[in-house]
Amino acid sequence: MSTTEKPTNFLRQIVEADLAAGKHATVATRFPPEPNGYLHVGHAKSICLNFGIARDFGGTCNLRFDDTNPEKESQEYIDAIQRDVNWLGFAWNGEVRYASAYFEALYGFAVELIGKGLAYVDSQSPEDMRKGRGNLTEPGTNSPFRDRTVEENLDLFARMRAGEFADGAHVLRAKIDMASANMVMRDPAIYRIRRAHHHQTGDAWCIYPMYDFAHPLSDALEGITHSICTLEFEEHRPLYDWLVDNVSLEAKPRQYEFARLNLNYTITSKRKLKQLVDEGHVTAWDDPRMPTISGLRRRGYTPASIRHFCDLIGVTRSDGVVDMGMLEFAIRDDLDKTAPRAMCVLRPLKVTLTTWAEGEVQELTVPRHPKDESLGARVIPMTRELFIDQDDFSEAPPAGWKRLEPGQEVRLRGSYVIRCDEVVKDAAGNIVELKCSHDANTLGKNPEGRKVKGVIHWVPANESVPCEVRLYERLFTDPTPDGHDDRDFLSFINPKSLTVVQGARVEPALANVQPEERFQFEREGYFCADLRDTKPGSPVFNLTVTLRDGFTK
RNA sequence: AGGGGUAUCGCCAAGCGGUAAGGCAGCAGGUUUUGAUCCUGCCAUUCGGUGGUUCGAAUCCAUCUACCCCUGCCA
């Protein structure tokens with residue numbers, strides 16, 4: 001599909017049909033993260049889906065924190081998640097919601113279920129509960145506490161809330177069917193006693209509802225019409241419906257599932273991403289190697305590129321693994337059109353133009369973009385002493401070489417054609433300098449009677465600005481780092497995932513770049529001034545993605 | 001006979017009984033002061049397998065196979 005077409009998928013078709021049939025006057029979705037980690041690229045898929053549907057069908061999308069397990073959650077994550085959703089370009093409906101804001105209402109629904117004989121307080125130990133659940137092929141057995149009277153259950157549940165019992169002493173269970181083939185329906189726990197300080201409700205509660213209970217009822221409370229989640233929740237749908245139908249709420253939200261995103265050479269498990277951070281394998285959640293939204297941001301990905309990526313991969317119910325190349329395509333596609341060009345020499349090799357007058361400076365005006373004139377131009381001073389990249393010179397080049405070699409000519413991008421006349425080496429035989437001559441009649445035009453085979457980038461020796469450049473490769477060396485039963489994903493960490501290049505030189509126009517400014521360093525790739533470490537006069541650039549390399553053979 | 005899902009090009013993915021879209025990657029050319037971009041062409045006689053229904057099947061039926069998910073007081 002072209003970038004201008006609106007993507008369609010089975011969920012959009014369902015929404016469209018429901019709206020057309022008058023099942024709902026308007027569509028209401030929600031994005032419901034648990035604040036127990038940072039959002040990653042897989043969440044981006046869900047965000048684009050939920051907010052995208054609301055936007056395109058004239059509905060609403062809530063941002064709701066599913067904060068029912070305070071022990072793993074924190075305000076830091078809440079703040080980061082909001083920042084990431086906004087940065088991606090989406091605005092939620094009204095104020096941020098919290099499942100914890102519904103604790104009182106949820107408690108009421110639990111009491112209602114007890115009153116209807118549909119929930120009971122179980123006082124078995126966790127081990128006994130597990131044993132009683134049976135297994136995949138054998139039915140479970142009823143708890144000895146399953147037939148407590150409504151009065152007794154009401155009393156016990158009230159005392160659970162009042163803090164009369166120790167953590168884990170009792171649990172509230174939905175009374176459904178211990179013989180169900182669906183394990184989720186074997187009297188699922190819906191409330192547990194947990195004396196944990198909650199980031200939103202403080203110490204007001206010592207019992208907390210379980211996801212399975214809180215989620216559908218929160219959806220109903222908010223009037224959500226289409227509750228979209230990932231495939232692993234499919235067997236929870238009967239419970240979702242059971243709760244919505246057995247509680248006195250008008251709204252009947254429905255749950256729909258889609259396949260979560262898998263990207264090769266990376267992991268999208270909050271638990272494992274947290275492990276990478278906690279154990280110091282990366283510097284932080286926003287380390288540019290992380291597949292987190294904040295990591296991608298710091299790496300230089302644009303919100304538009306991530307949204308475009310989500311459009312490209314589609315939404316289905318079949319499991320798959322998307323190639324990283326798809327993400328890289330999305331960012332190259334965006335940055336090629338929007339990023340100003342600049343020159344940066346990563347590993348400088350000095351070039352002295354013997355034909356250039358000592359001290360002479362010529363200010364060359366070079367367009368910032370080869371196709372988009374609106375980006376303007378920058379000025380690059382041309383001097384007698386320059387730097388080119390070590391990789392752009394070879395004494396014994398392979399066939400098809402298009403860069404500099406002894407006795408041959410090459411074009412300096414935006415400048416003159418030069419010829420290498422002499423190679424200067426140190427005592428150890430290392431090339432330390434090239435003596436070249438320039439053809440003064442080649443600025444803005446091709447030389448007469450011969451054609452120059454290549455173009456290389458350069459910077460003036462003294463006027464250029466020293467900078468740090470961080471080169472990144474994939475974080476893992478294996479396509480499915482967490483897909484091996486016999487090997488831990490950490491053992492696949494790529495030792496070369498980060499290379500810090502000190503002593504690189506950028507053209508003077510970039511001396512005072514702002515954090516997050518993006519450029520294409522010509523012939524190298526797209527780079528982004530680091531969000532945290534770029535300082536005036538001392539830029540730090542992160543490699544976002546290299547240029548596609550058509551150099552085959 | 002546990003239950004629930006999914007199978008269309010190397011990857012993603014349209015297709016919804018009328019004779020296999022598109023994107024990524026790849027390959028071959030062209031343009032080019034970025035080995036980039038851009039442009040052109042090529043890239044599934046076949047839709048997990050096998051039967052069947054039909055004038056006609058990726059689409060319907062049967063059966064088989066492979067893979068994913070489910071036994072937290074996590075979400």
Side-chain angles (χ1 to χ4, degrees), chain A residues 1-3 5 7-9 13 32-34 36 66 68-69 71-72 122 124-126 129-131 133-140 167-173 180-186 188-194 207-208 210-212 214-215 229-238 257 259 264 270-271 311-330 332-333 336-337 341 343 366 370-371 400-403 410-417 442-446 452-457 520-525 546-552:
Chain A
M1 83 190 82
S2 82
T3 51
E5 276 178 58
T8 188
N9 56 56
Q13 291 173 351
E34 183 191 12
N36 65 346
D66 229 324
T68 57
N69 187 8
E71 289 171 316
K72 291 184 176 173
D122 195 351
Q124 293 185 102
S125 67
M129 255 187 77
R130 182 168 44 73
K131 285 177 193 156
R133 190 153 31 232
N135 57 44
L136 296 180
T137 53
E138 294 166 38
D167 287 11
H170 308 281
V171 75
L172 185 70
R173 289 231 253 176
S180 173
N182 182 348
M183 300 295 289
V184 175
M185 298 299 270
R186 320 247 261 227
I190 57 178
Y191 263 95
R192 75 281 215 184
I193 304 172
R194 191 69 86 248
I207 57 172
Y208 292 98
M210 303 283 290
Y211 163 87
D212 276 327
H215 199 87
C229 62
T230 44
L231 247 26
E232 66 269 27
F233 291 103
E234 187 157 22
E235 41 271 292
H236 296 243
R237 193 170 63 221
E257 311 86 16
N264 62 13
K270 267 203 264 185
R271 205 207 94 229
D311 286 344
L312 290 175
I313 59 175
V315 178
T316 68
R317 286 176 62 85
S318 63
D319 290 308
V321 182
V322 175
D323 197 297
M324 271 294 300
M326 200 78 96
L327 224 205
E328 296 180 343
F329 165 78
R332 286 193 184 107
D333 189 52
D336 172 61
K337 297 178 182 69
R341 312 284 121 125
M343 291 194 285
V366 183
K371 292 180 179 175
W401 186 252
K402 297 176 72 171
R403 312 173 205 178
V410 78
R411 157 80 62 184
L412 292 182
R413 171 114 248 235
S415 179
Y416 299 87
V417 169
T442 55
L443 184 63
K445 57 185 172 186
N446 288 321
V452 177
K453 55 191 172 183
V455 181
I456 65 173
H457 56 98
Q520 182 200 96
F521 288 165
E522 292 192 90
R523 303 206 314 127
E524 293 288 357
T546 60
L547 252 29
R548 199 160 153 264
D549 190 1
F551 183 55
T552 47

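None of these values were measured; they are calculated from a predicted model. Chain naming here is simple, since letters A, B, ... match the order of the sequence lines and numbering starts at 1 in each.
As judged by a 4.0 angstrom heavy-atom cut-off over every strand, A:R133 is placed among residues touching the sugar-phosphate backbone only. If you check every strand for non-hydrogen atoms under 4.0 Å, A:V321 touches sugar and phosphate atoms only. Contact annotation for A:H215: no contact, since no heavy-atom pair falls under 4.0 Å across all strands. Nucleic acid contact for A:K270: none, since no nucleic acid atom lies under 4.0 Å from a heavy atom of the residue. The residue A:G525 sits apart from the nucleic acid: no heavy atom pair falls under 4.0 Å. Looking at heavy-atom distances under 4.0 Å, A:P33 makes no contact with the nucleic acid at all. Among the protein residues, A:S180 comes within range of no part of the nucleic acid, since none of its heavy atoms lies under 4.0 Å from any strand. Contacts of A:L327 with the nucleic acid, taken as non-hydrogen atoms under 4.0 Å apart, are absent. Counting any heavy atom pair closer than 4.0 Å across all strands shown, A:G320 reaches sugar-phosphate atoms only and no base atom.
Rounding to whole angstrom units, CZ of residue A:R548 and P of B:A36 are separated by 7 Å. Here the P atom of nucleotide B:G3 and the CG atom of A:L136 are 11 Å apart, to the nearest Å. Rounded to an integer number of Å, the gap from A:M343 CE to B:A36 C1' is 15 Å. The separation between A:D311 atom CG and B:A14 atom C1' is 15 Å, rounded to whole Å. Taking atom CZ of residue A:R317 and atom P of nucleotide B:G5, one finds them 7 Å apart after rounding to whole Å. In this entry the distance linking CD of A:E34 with P of B:C74 reads 11 Å, nearest Å. The nearest whole Å value for the distance from the CZ atom in A:R413 to the C1' atom in B:G35 is 13 Å. Atom CD1 in A:I313 sits about 16 Å away from atom C1' in B:G22, given to the nearest Å.
In this structure, A:H236 and A:Y211 have perpendicular ring planes: the angle between them is above 60°, well past the 30° mark.
Here B:G72 is in the syn range [glycosidic angle within 90° of 0].
Ranking B:U6, B:G23, B:G5 by closeness to the A:S318 side chain, first place goes to B:U6. Of the candidate nucleotides B:C74, B:G2, B:A75, B:A75 has the atom lying nearest to any side-chain atom of A:F233. For A:D549, the side-chain atoms get nearest to B:G35 when compared with the rest of B:A36, B:G2, B:G35. The side chain of A:D66 sits closest to B:A75 out of B:A75, B:G35, B:C12. Here the side chain of A:W401 is nearest to one of B:C70, B:C74, B:G35, namely B:G35.
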#### Entry: A:R413/A:R341 under side-chain contact (heavy atoms from CB on, under 4.5 Å): CA gap, chis, key distance, verdict
CA-CA 11 Å; A:R413 171 114 248 235; A:R341 312 284 121 125; 5.7 Å; no
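Between A:I193 and A:V171 there is no side-chain heavy-atom pair separated by less than 4.5 Å. Looking only at side-chain heavy atoms (C-beta outward), A:P32 and A:H215 come within less than 4.5 Å of each other.
Pairing for B:A44 is absent, with no Watson-Crick or G-U wobble pair whose two atom distances lie under 3.5 Å. Pairing partner, B:U71: none, since no Watson-Crick or wobble contact has both distances short of 3.5 Å. Nucleotide B:U6 forms a pair with B:A66, judged by Watson-Crick or G-U wobble geometry with both contacts under 3.5 Å. Base pairing of B:A21: no nucleotide in any strand meets the Watson-Crick or G-U wobble criterion (both distances under 3.5 Å). The nucleotide B:C60 finds its pairing partner in B:G52, both defining distances of the Watson-Crick or G-U wobble pair being shorter than 3.5 Å.
The 12-atom threshold is not exceeded at NZ of A:K131, counting heavy atoms of other residues, nucleotides or ligands nearer than 6.0 Å.
Here A:E257 pairs with A:R237 in a salt bridge; the nearest charged N to carboxylate O distance falls below 4.0 Å.
Evaluation of atom-type donor-acceptor distances gives no pair under 3.5 Å for the side chain of A:E234 against the base of B:G4. Between the side chain of A:R523 and the base of B:U34 there is no donor-acceptor pair of N/O atoms closer than 3.5 Å. For a distance-only test at 3.5 Å, the side chain of A:E257 fails to qualify as a donor-acceptor partner of the base of B:C69. Taking only distance into account, the side chain of A:R341 meets the base of B:U34 through a donor-acceptor pair shorter than 3.5 Å. For B:G35, the base has a donor-acceptor partner in the side chain of A:R403 [N/O atoms by modelled type, under 3.5 angstrom]. With hydrogens and angles ignored, a donor-acceptor pair under 3.5 angstrom links the side chain of A:Q520 to the base of B:U34.
Residues A:G414 and A:V366 approach most closely at O-CG2, 4.2 Å, considering heavy atoms.
Put simply, A:Q13 has a side-chain N or O that comes within less than 4.0 Å of OP1 or OP2 on B:G15. Within the 4.0 Å cut-off from OP1 or OP2 of B:A75, at least one side-chain nitrogen or oxygen of A:T68 is found. Contact annotation: A:R192 side-chain N/O to B:G72 OP1/OP2 distance is not under 4.0 Å.
Going from the C1' atom of B:A44 to that of B:C11 covers 14 Å, rounded to whole Å. Rounded to a whole angstrom, the distance from the C1' atom of B:C70 to that of B:G17 is 36 Å. Between B:G26 and B:A36, the two P atoms lie 11 Å apart (nearest whole Å). To the nearest whole angstrom, the two P atoms, one in B:G4 and one in B:U37, are 49 Å apart. Across B:G22 and B:U8, the matching C1' atoms stand 13 Å from one another, rounded to whole Å. Using atom C1' as the reference point in both B:U59 and B:A14, the two lie 13 Å apart (nearest Å). Remark: the separation of the C1' atoms in B:C73 and B:A66 is 36 Å, to the nearest Å. B:C47 sits 10 Å from B:A7 when the C1' atoms are compared, rounded to a whole Å.
For the pair A:V171 and A:G444, nearest-nucleotide mapping onto RNA chain B gives the more 5' position to A:G444. Between A:K337 and A:M210, the one whose closest nucleotide on RNA chain B sits nearer the 5' end is A:K337.
Inspection of the A:T137 and A:N135 side chains reveals an N or O donor paired with an N or O acceptor under 3.5 Å.
When atom types are taken as modelled, the side chain of A:S180 and the backbone of A:N182 share a donor-acceptor pair closer than 3.5 angstrom.
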